[in-house]
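Have a look at the structure below, then the notes.
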Amino acid sequence: MLDINFIRNNPDKVKQAIALKHENAASIDQLLEVDTQRRSMIHACEQLKSKRNEKSKEVRELKKKGQDASKIIEETKKIGDDIKSIEEKQKELDSQITNLMLRIPNIPAADVPIGKDEKDNVIVRAWGQRKTFDFTPLPHWELGSILNILDPERASKISGAGFILLKGLGAKLERALFSFMLDVHTSEHGYTELFPPFLVNRTSMTGTGQLPKLEEDMYRTAADDLFLVPTAEVPVTNMHRDEILSYKDLPIYYTAYSPCFRREAGSYGKDTRGIIRVHQFNKVELVKLVKPETSYDELESLLGNAAKILQLLGLEYRVAKLSTGDMSFAAAKCYDIEVWAPGLNKFLEVSSCSNFEDFQARRTNIRFRDEDGKLRFVHTLNGSGLALPRTVIALLETYQQKDGSVIIPDVLQHYMSGIKVIAK
RNA sequence: GGAGAGGUGGCUGAGCGGCUGAAAGCGACGGUUUGCUAAACCGUUGUGGAGACAAAAUCUCUACCCCGGGUUCGAAUCCCGGCCUCUCCGCCA
């Protein structure tokens, strides 16, 4: 959420930013109007409260002297009634404001390309050489079928469309990959590994910005009002909710594996083939809590940490700086890492690295005391490091051979109990 | 799932209707002392909101003793609901 003070002082800037993210800018005028009303109400209410406190003191004094206080008590009772009625109205305005505030997106950083959608994203760098084949590379689902490591029919029998069932070395490859990623991030990039809960409460989901806007995209357990995590970002960022950290604690780097659950409502018909877009997938997440003045440098290094995985795996990728129109609700700046999938003949998004500045910190109330003893909001960042299914796709399709077998990259062989190739 | 106990400031812990934004201790910070360290002594030490101010500093008011309601002139304190923690019993991978 944004700072209400900032919105008051820069309504036009905020409206402009909102329009760039395709959100409704009219809510700003509404917000400011309600905000003005609310403030005058607070003022009136506090004056009454002050009066009441004084009168109560008088009652106390009179009673102490054994004198009659019934007249003042009568008066004060009336003040109390007035306070109650103002408070009721004020509460209504409070909830209106909270509601509006939670739906205002973050403001894009100055160097974010202005644009409508993903077509306006800017490719900022590319890594790796395009792999050439002396045969036509197959898409991963055909490789999965040939190697008997993917069982889409039974996955949908068990759970429905959009679920993955891995078998044998396919399952092992999955496990190898996230172990490998966690090891790289902990031992080479300085992240602390976490294993968080995969069910979280409503407050946590609101803190990181999934709620209220995206509730229909989330899986929810009705009996307990808990949500299946759509990414480890949610439990990990919420770890420090309502905490005050010391500047000495920062920066904090966390990495966590989690399955990710997404209903993908509204994306029916897109990427239905194979395992490109599914309701449950594994991911290793990177989360940083940092001092504001360092957050953009931290974003670059986070991006580098995620990309390192693809470099180690020898997979071609490119990095896109997202345009204002393609960025998520909470992000101020975001890079996507896209990996090349030869069988599909296209790039697939495997990571989204974002700086949220203080947007999430404000919602989650994560602050730190700086060198001067002042309380400030931290900046939060996160990125996938990486999402598994699409990494698996790229890996299978890139390292496939003519007979359908797949070579395991050197760095993974250790995690695959020394297996060098997945063959029929 | 059943029975009980409890949630107070950075921490420990008192208070159980008004003089309590909160005793005491610890910690932290500043100062005096000191060759250095330690000790001792003195002082400071919460957060949100509204208003005053062009702004910062500052000041005034207001709220906050897990959260939300209620009783009362007045609530950390009494009542109701919720959440969480602990102990015992049961069940269970």
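Chain A is the first sequence line, chain B the second, and so forth, proteins listed ahead of strands; every chain is numbered from 1.
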Rounded distance [0.5 Å steps], CD in Gln400(A) versus CG in Leu147(A): 9.5 Å
Separation between NZ of Lys333(A) and CG of Leu381(A), rounded to the nearest 0.5 Å: 11.0 Å
Using a distance-only test with no angle check, is there a side-chain donor-acceptor pair under 3.5 angstrom linking [X] and [Y]?
{"X": "Ser417(A)", "Y": "Lys172(A)", "result": "yes"}
{"X": "Lys283(A)", "Y": "Thr231(A)", "result": "yes"}
{"X": "Ser301(A)", "Y": "Lys288(A)", "result": "yes"}

Under 4.0 Å protein heavy-atom contact, by nucleotide of nucleotides 43-52 of chain B - B base, S sugar-phosphate only: ----SSBSS-
Sequence-aligned protein contact record of nucleotides 64-69 of chain B, with B where the base is within under 4.0 Å of a protein heavy atom and S where only the sugar-phosphate is: -----S
Measure [atom1]/[X] against [atom2]/[N] and give the value in whole Å, please.
{"X": "Leu62(A)", "N": "C19(B)", "atom1": "CG", "atom2": "P", "answer": "16 Å"}
{"X": "Asp372(A)", "N": "A57(B)", "atom1": "CG", "atom2": "P", "answer": "12 Å"}
{"X": "Arg202(A)", "N": "C83(B)", "atom1": "CZ", "atom2": "P", "answer": "15 Å"}
{"X": "Lys248(A)", "N": "G10(B)", "atom1": "NZ", "atom2": "C1'", "answer": "13 Å"}
{"X": "Arg241(A)", "N": "C84(B)", "atom1": "CZ", "atom2": "C1'", "answer": "13 Å"}
{"X": "Lys374(A)", "N": "A56(B)", "atom1": "NZ", "atom2": "P", "answer": "10 Å"}
{"X": "Glu87(A)", "N": "A63(B)", "atom1": "CD", "atom2": "C1'", "answer": "10 Å"}
{"X": "Glu75(A)", "N": "U72(B)", "atom1": "CD", "atom2": "P", "answer": "18 Å"}

Quote, to the nearest angstrom, the [atom1] distance that separates [N] from [M].
{"N": "C41(B)", "M": "U58(B)", "atom1": "C1'", "value": "31 Å"}
{"N": "G6(B)", "M": "G74(B)", "atom1": "C1'", "value": "27 Å"}
{"N": "C29(B)", "M": "G35(B)", "atom1": "C1'", "value": "25 Å"}
{"N": "C65(B)", "M": "G48(B)", "atom1": "C1'", "value": "15 Å"}
{"N": "U47(B)", "M": "A22(B)", "atom1": "C1'", "value": "14 Å"}
{"N": "G27(B)", "M": "G70(B)", "atom1": "P", "value": "43 Å"}
{"N": "C84(B)", "M": "A75(B)", "atom1": "C1'", "value": "23 Å"}
{"N": "C80(B)", "M": "A93(B)", "atom1": "P", "value": "39 Å"}

Salt-bridge test for [X] and [Y]: reply yes if a basic N is under 4.0 Å from a carboxylate O, no otherwise.
{"X": "Lys213(A)", "Y": "Glu23(A)", "result": "yes"}
{"X": "Lys291(A)", "Y": "Asp370(A)", "result": "no"}
{"X": "Glu215(A)", "Y": "Arg202(A)", "result": "yes"}
{"X": "Arg263(A)", "Y": "Glu216(A)", "result": "no"}
{"X": "Asp81(A)", "Y": "Lys77(A)", "result": "no"}

Sugar-phosphate only, base, or nothing, as touched by Lys63(A) at under 4.0 Å among non-hydrogen atoms: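 If one applies the 4.0 Å heavy-atom cut-off, Lys63(A) turns out to touch a base.
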Every protein N/O within reach of nucleotides 74-82 of chain B N/O, cut-off under 3.5 Å:
residue : atom : partner  : partner atom : Å
G74(B)  : O4'  : Ser56(A) : OG           : 3.1

Ser50(A) vs Lys55(A), nearer the 5' end of RNA chain B by closest nucleotide: Ser50(A)
Whichever of Ile72(A) and Arg60(A) has its nearest RNA chain B nucleotide further upstream toward 5':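 The answer here is Arg60(A).
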Identified pairing partner of [N], criterion: Watson-Crick or G-U wobble below 3.5 Å:
{"N": "U58(B)", "result": "A52(B)"}
{"N": "C92(B)", "result": "none"}
{"N": "A40(B)", "result": "U32(B)"}
{"N": "C16(B)", "result": "none"}
{"N": "G74(B)", "result": "none"}
{"N": "C26(B)", "result": "G10(B)"}
{"N": "G46(B)", "result": "C64(B)"}
{"N": "C86(B)", "result": "G4(B)"}

Candidate pair Asp225(A) and Arg220(A), rule salt bridge (Lys or Arg N to Asp or Glu O under 4.0 Å), full reasoning: CA-CA 6 Å; Asp225(A) 201 34; Arg220(A) 172 174 164 263; 2.6 Å; yes
Distance below 4.0 Å between Lys84(A) side-chain N/O and U71(B) OP1 or OP2: yes
Can the ring centroids of [X] and [Y] be said to lie less than 6.0 angstrom from one another?
{"X": "Phe359(A)", "Y": "Phe329(A)", "value": "yes"}
{"X": "Tyr247(A)", "Y": "Phe368(A)", "value": "no"}
{"X": "Tyr254(A)", "Y": "His240(A)", "value": "yes"}

Lys77(A) side-chain proximity, nearest of C19(B), A63(B), C73(B): C73(B)
